[in-house]
Colleague: 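Starting off with a structure, shown below.
Worth saying up front: this structure is predicted, and the values here are computed from it rather than measured. Just so we're on the same page: letters track the sequence lines, and every chain starts at 1.
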There are 2 protein chains.
Amino acid sequence: MMAEPVPKPGLISNRIRTLRFHHGEMSQAELGERIGVTRQTIAAIESGKYSPTLEAAFRIADVFSVQLGEVFQWDANAGNRAQT
Amino acid sequence: MMAEPVPKPGLISNRIRTLRFHHGEMSQAELGERIGVTRQTIAAIESGKYSPTLEAAFRIADVFSVQLGEVFQWDANAGNRAQT
DNA sequence: ACATTATGTAAATTATTATTAACATATAAG
DNA sequence: CTTATATGTTAATAATAATTTACATAATGT
C-alpha cells in the first residue's frame, strides 16, 4: 500500500484564471497583493493544488465582485459517483 | 508587549447555531458526522475560534440546503473601520 | 440517585495551507 | 541580445485547522 503521493485533484474547482482575464488580465501577483497572499499561493489555489482558507476565498470573490460560489464550485457528489 | 493570547474574533461570522435549531435541533455532533468532522471542530467553528476549510464550509451549507453565504458572512470592511 | 445527551474547553499531536527564497521557461519591449 | 513581466514549480519553514483524549457542567429522563 502507500499511495496518493499526488496533491489533491479535489472536489473544489475554481474559475480564477477566467475571472482574472476578464478583469483586465490581472496577474496572479496583483490578485495576491489585493487579497494579502503571495503569488505562489494564488498559483497553487488556481491550479487546484489545495483549497484556500474561507477568508481568502471571500476576498477573491470580492476582488471580482461576484459571489463566492461563482469563483469556487464544490461538487457534492464527488467521491460517490458511478464507476463508468 | 505580548498580546493576543486570545483566539481570533475574526472577520467571518456564522449562523450555524441558528440553522441547527431550525433544522430539528440538530446537535453539533450530528452536524459533525454529516460533514465528516468532529463535534469539537463544529464547536470551534460555531464559536468563531477559527474558520473552517472551504470544503467544510460548503458541506455545512449543503446540510442546511442554503448557499455558503447564508451560513458564513465575511465583513469586507473589518479592519479599516472608523473609530467611533 | 443514576444514566444519557448536549455542550464547553483544554492539551498534545497530525494535517493542511501559506510563506519565503530560489530557479526555471516563455513572451514582449527596447 | 538584454530587460522586464508573468507564470510554473520546488524545498524548507511557519501558521492554522482538525484530530483524539480527557474532564467539566447543565438539562432531561427513568
Colleague: Grab the CG-C1' distance between B/Leu54 and C/dA18 for me, whole Å please.
Modeller: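 In whole Å, C/dA18 C1' lies 15 Å from B/Leu54 CG.
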Colleague: Using atom CD of A/Glu33 as one end and atom P of C/dT20 as the other, report the distance to the nearest whole Å.
Modeller: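 After rounding, the gap between these two atoms is 12 Å.
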Colleague: Can you give one letter per nucleotide of nucleotides 19-29 of chain D, 5' to 3': B if a protein heavy atom sits under 4.0 Å from the base, S if only from the sugar-phosphate, - if neither?
Modeller: BBBB-------
Colleague: Name the nucleic acid region contacted by A/Ser47, choosing base, sugar-phosphate or nothing; use a 4.0 angstrom heavy-atom cut-off, strictly under.
Modeller: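 Result for A/Ser47 = nothing.
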Colleague: Within the structure provided, determine whether B/Leu11 and A/Phe58 are in side-chain contact (heavy-atom separation under 4.5 Å).
Modeller: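 B/Leu11 does not reach A/Phe58 side chain to side chain.
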Colleague: Roughly how far apart are A/Thr53 OG1 and A/Ile45 CD1, rounded to 0.5 Å?
Modeller: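 Result: 7.0 Å between the selected atoms.
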Colleague: What distance do A/Asp62 atom CG and A/Gln67 atom CD have between them, rounded to the nearest 0.5 Å?
Modeller: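 The distance works out to 11.5 Å.
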Colleague: Take the protein atom CD1 of B/Ile45 and the nucleotide atom C1' of D/dT16, then report the distance between them rounded to whole Å.
Modeller: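 Computing the B/Ile45:CD1 to D/dT16:C1' distance gives 13 Å.
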Colleague: Taking atom P of D/dA17 as reference, at what distance in whole Å does atom CD of B/Glu46 sit?
Modeller: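 Distance, rounded to whole Å: 17 Å.
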Colleague: Counting only side-chain N and O atoms of B/Thr53, is one of them less than 4.0 Å from OP1 or OP2 of D/dA18?
Modeller: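 Checking B/Thr53 against D/dA18: at least one side-chain N or O falls below 4.0 Å of OP1 or OP2.
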Colleague: Using a 3.5 Å cut-off and no angle test, enumerate the donor-acceptor pairs between side-chain atoms of residues 21-37 of chain A and protein atoms at least two apart in sequence or in another chain.
Modeller:
residue: A/Ser27; atom: OG; partner: A/Glu30; partner atom: N; Å: 3.0
residue: A/Gln28; atom: NE2; partner: A/Glu46; partner atom: OE2; Å: 3.4

Colleague: Starting at atom CD of A/Glu25, determine the distance to atom C1' of C/dT27, rounded to an integer number of angstrom.
Modeller: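 Rounding to the nearest Å, CD of A/Glu25 and C1' of C/dT27 are 13 Å apart.
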Colleague: Roughly how many Å is it from NZ in A/Lys49 to P in C/dA18, rounded to a whole number?
Modeller: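 It works out to 12 Å between those atoms.
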Colleague: So, do A/Leu68 and B/Trp74 sit near enough that their side-chain heavy atoms are less than 4.5 Å apart?
Modeller: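 When only atoms from C-beta onward are counted, B/Trp74 and A/Leu68 do not touch, as no gap falls below 4.5 Å.
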Colleague: Quick one: A/Leu31 CG to C/dA18 P, roughly how many Å, whole number?
Modeller: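 It works out to 12 Å between those atoms.
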Colleague: Just how far, in rounded Å, is P of D/dT7 from CD of A/Glu30?
Modeller: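 In whole Å, D/dT7 P lies 10 Å from A/Glu30 CD.
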Colleague: Less than 4.5 Å apart, side chain to side chain, heavy atoms only: is that true for A/Leu19 and A/Asn14?
Modeller: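 Side-chain contact under 4.5 Å: no.
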